[in-house]
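Remember, it's 1-based here, ligands and their atoms both numbered in the order they're listed.
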Amino acid sequence: MWNTLPVTDVDVDIAVVGAGAAGLSLAYRLAGTTGPHGAAPTVAVVEAPDGRTRTPPRTWCFWETGDGPYESVVRASWSRLRVRCPDGRVAEAELGATRYKMIRSPDFVALVERRLARLPGLHRLTATVDRVSDDPAGGAVVHGTDASGAPVRVRARWAFDSRPPRRLPAARSTLFQHFRGWFVRCASDAFDPSTVELMDFRTPQPAHGLSFGYVLPLGRREALVEYTEFSPAPLRREEYEQALRHYTGKVLGLDGTTVVDVEEGVIPMTDAVFPRRAGQRVFRIGTAGGATRPATGYTFAAVQRQSDAIADAWRRGRVPVPPPAHAARHRAMDAVVLRALATGRVSGARFFGELFLRNPADRLLRFLDGRSRWWEELAIGLSTPVPPMLRSAVELPVLRRRDAAVRRR
Ligand SMILES: Cc1cc2nc3c(=O)[nH]c(=O)nc-3n(C[C@H](O)[C@H](O)[C@H](O)COP(=O)(O)OP(=O)(O)OC[C@H]3O[C@@H](n4cnc5c(N)ncnc54)[C@H](O)[C@@H]3O)c2cc1C
């Protein structure tokens, strides 16, 4: 658990606002890092108290080759991916030495806390932050209030703010990846623990956007089963429940299923530009700093790359500005995909299904991780429906960026 410490006025090298994926990953990297003069940074991590502001627990998945820094808290991993097209065709891929891995956020919090407990200059504060700005006296300053309403102030040389943005920046295309998942337990064997069903398009497709099932087996009888849409607006709770009942019962044919936990979320999919610099000494990280990949919603791996780069800049005594989470050409390709999906020019289910049928999975995973070469990206581009993608690409430069309107259904 995140402790409330009786600290209300702190002076540190680095203030980290928010203890989610980005804040904790950065704190983890900074712990044990020394600067050019051999000194470890003093760090304050400020997390919201229990309640509406604090991000609820969640599950993060990502792919990795070999063991990574968070191996001890990887809850499950898979060596094979499967994508099922709406017409029943199946793309299956062995991942070789790569694994698709799952971490649950409470385990991640515990891991980072254990590491941070060894760092003498670490302050963990529980406060609702309402302002992070440059300090006219130099450095940055974080203002908030603790659970009793008392003011909390953190002065730092540099501040990294991961609070989710209240409003999305203006964009040419905005969709939402919204989902609800059940952690299910079945009465008999029902899952293949080696294989993750990444996208199962045998779900009824919505009028706008696409939907799919996502199955993460945790054993032969346990799994996280999600119903996901990429579409203009989230559903109501009963609609997700109905979709999950249909998917688990009619599509997967599960029976004797007990729902032991649930998870839900909304991830913006947008070609908006998220400024990473909010002041001379204030930076944004995580989703707030543009780490979410526009066409897929994957964020966790980009957050790790950003955290590494920031810690490396600290080590070298450089300005620790977070680098762009995704290369400009990948953001451009994602903008075209989003435009084609948002206008309905391509059928999303067919688009993603064909992508996996016509490309080796390792090429796609390298592309999604920003490690692909231009010729691989050309091959990926040519495996998509070229006329609607070209039309979307050609019109993007002349489209105005607008505020996202969330349509309720
Ligand atoms: C349910 C769910 C599942 C996801 N699964 C995946 C996945 O499998 N793989 C993947 O790559 N991406 C996934 N994502 C997308 C993304 O990785 C997550 O949203 C991730 O948590 C984003 O990290 P973050 O640090 O930017 O934001 P968060 O993790 O939300 O962290 C922000 C932190 O700021 C704190 N905070 C907010 N306001 C204040 C305030 N005023 N004062 C102080 N603290 C504040 C919050 O409590 C929170 O701890 C998922 C998203 C959701 C919603």
Side-chain angles (χ1 to χ4, degrees), residues 1-2 4 15-28 44-64 70 74-78 100-106 108-109 112 124-132 142-147 152 154 159-166 176-183 196 198 214 216 224 226-228 234 240 261-269 274 276 283-307 322 325-326 365 368-370:
M1 281 305 292
W2 206 254
T4 305
V16 178
V17 178
L24 289 178
S25 301
L26 178 57
Y28 186 92
V45 181
V46 191
E47 171 62 322
D50 275 334
R52 283 186 39 183
T53 308
R54 185 183 286 198
T55 298
R58 56 189 52 176
T59 304
W60 293 304
C61 289
F62 55 100
W63 44 94
E64 193 168 54
Y70 311 133
V74 169
R75 187 65 79 87
S77 66
W78 301 273
Y100 192 66
K101 300 181 180 181
M102 175 206 269
I103 288 180
R104 299 205 67 193
S105 62
F108 188 60
V109 172
V112 178
R124 297 172 301 169
L125 291 88
T126 304
T128 305
V129 170
D130 50 48
R131 191 155 53 88
V132 185
V142 175
H143 290 277
T145 43
D146 70 12
V152 170
V154 179
F160 294 89
D161 188 358
S162 71
R163 287 174 299 159
R166 286 219 178 100
F176 293 91
Q177 177 175 156
H178 51 97
F179 50 92
R180 183 168 171 86
W182 287 345
F183 287 87
V196 58
L198 199 64
Y214 176 49
L216 299 159
L224 169 58
E226 290 190 354
Y227 173 81
T228 302
Y240 291 115
D261 204 354
V262 293
E263 167 170 305
E264 63 182 13
V266 179
I267 304 174
M269 303 173 75
F274 289 78
R276 282 167 286 124
F283 303 111
R284 296 207 181 95
I285 53 172
T287 295
T292 297
R293 186 80 193 249
T296 63
Y298 281 110
T299 312
F300 194 79
V303 155
Q304 306 314 314
R305 291 195 297 271
Q306 274 197 330
S307 305
H326 306 290
L365 297 187
L368 294 178
D369 256 352

Closest non-hydrogen protein atom to [atom], residue and atom name please, with distance?
{"atom": "atom 35 (C) of ligand 1", "answer": "Glu47 OE1, 3.0 Å"}
{"atom": "atom 2 (C) of ligand 1", "answer": "Phe179 CZ, 3.4 Å"}
{"atom": "atom 12 (N) of ligand 1", "answer": "Thr299 N, 3.5 Å"}
{"atom": "atom 42 (N) of ligand 1", "answer": "Val129 N, 2.9 Å"}
{"atom": "atom 27 (O) of ligand 1", "answer": "Ser162 O, 4.4 Å"}
{"atom": "atom 8 (O) of ligand 1", "answer": "Cys61 N, 2.6 Å"}
{"atom": "atom 26 (O) of ligand 1", "answer": "Thr287 N, 2.8 Å"}
{"atom": "atom 34 (O) of ligand 1", "answer": "Gly18 CA, 3.3 Å"}

Which of the ligand 1 atoms, numbered from 1, are nearer than 4.0 Å to a heavy atom of [X]:
{"X": "Tyr298", "result": "9 (N), 10 (C), 11 (O)"}
{"X": "Gly286", "result": "26 (O)"}
{"X": "Arg54", "result": "47 (O)"}
{"X": "Ala127", "result": "42 (N), 43 (C)"}
{"X": "Ala19", "result": "33 (C), 49 (O)"}
{"X": "Ile267", "result": "14 (N), 15 (C), 50 (C), 51 (C)"}
{"X": "Thr59", "result": "3 (C), 4 (C), 5 (N), 6 (C), 7 (C), 8 (O)"}
{"X": "Thr128", "result": "41 (N), 42 (N)"}

**Asked** Is there a donor-acceptor pair under 3.5 Å between the side chain of Arg276 and the backbone N or O of Pro322?
**Response** yes
**Asked** Has the side chain of Ser105 got a donor or acceptor atom that lies under 3.5 Å from a matching backbone atom of Arg58?
**Response** yes
If you measure from each heavy atom of [X] to ligand 1, is any distance below 4.0 Å?
{"X": "Arg293", "value": "no"}
{"X": "Phe62", "value": "no"}
{"X": "Ala301", "value": "no"}

**Message:** Quick test of your reading of the structure: of Ala48, Pro164, Gly181, whose heavy atom lies closest to atom 37 (C) of ligand 1?
**Reply:** Pro164
**Complete:** The residue among Arg75, Glu226, Glu263 that forms side chain to side chain donor-acceptor pair (under 3.5 Å) with Thr59 is Glu263
**Request:** Apply side-chain hydrogen bond (donor to acceptor under 3.5 Å, both in side chains) to the pair Thr126 and Glu47, showing each step before the final yes or no.
**Result:** CA-CA 5 Å; Thr126 304; Glu47 171 62 322; over 6 Å; no
**Request:** Start with the C-alpha gap between Val45 and Leu125, add the side-chain angles, then the distance that decides, and say whether side chain to side chain contact (heavy atoms under 4.5 Å, CB included) holds.
**Result:** CA-CA 6 Å; Val45 181; Leu125 291 88; over 6 Å; no
**Carboxylate-amine/guanidinium proximity below 4.0 Å for Asp261 and Arg104** = yes
**Item:** Donor-acceptor pair between Thr287 and Thr292 side chains, under 3.5 angstrom
**Value:** yes
**Request:** Look at the rings of Tyr100 and Trp63 and say which category their plane angle falls in: under 30° parallel, 30 to 60° tilted, over 60° perpendicular.
**Result:** parallel
**Item:** Region of Glu264 that comes within reach of ligand 1 [heavy atoms, distance under 4.0 Å]
**Value:** backbone
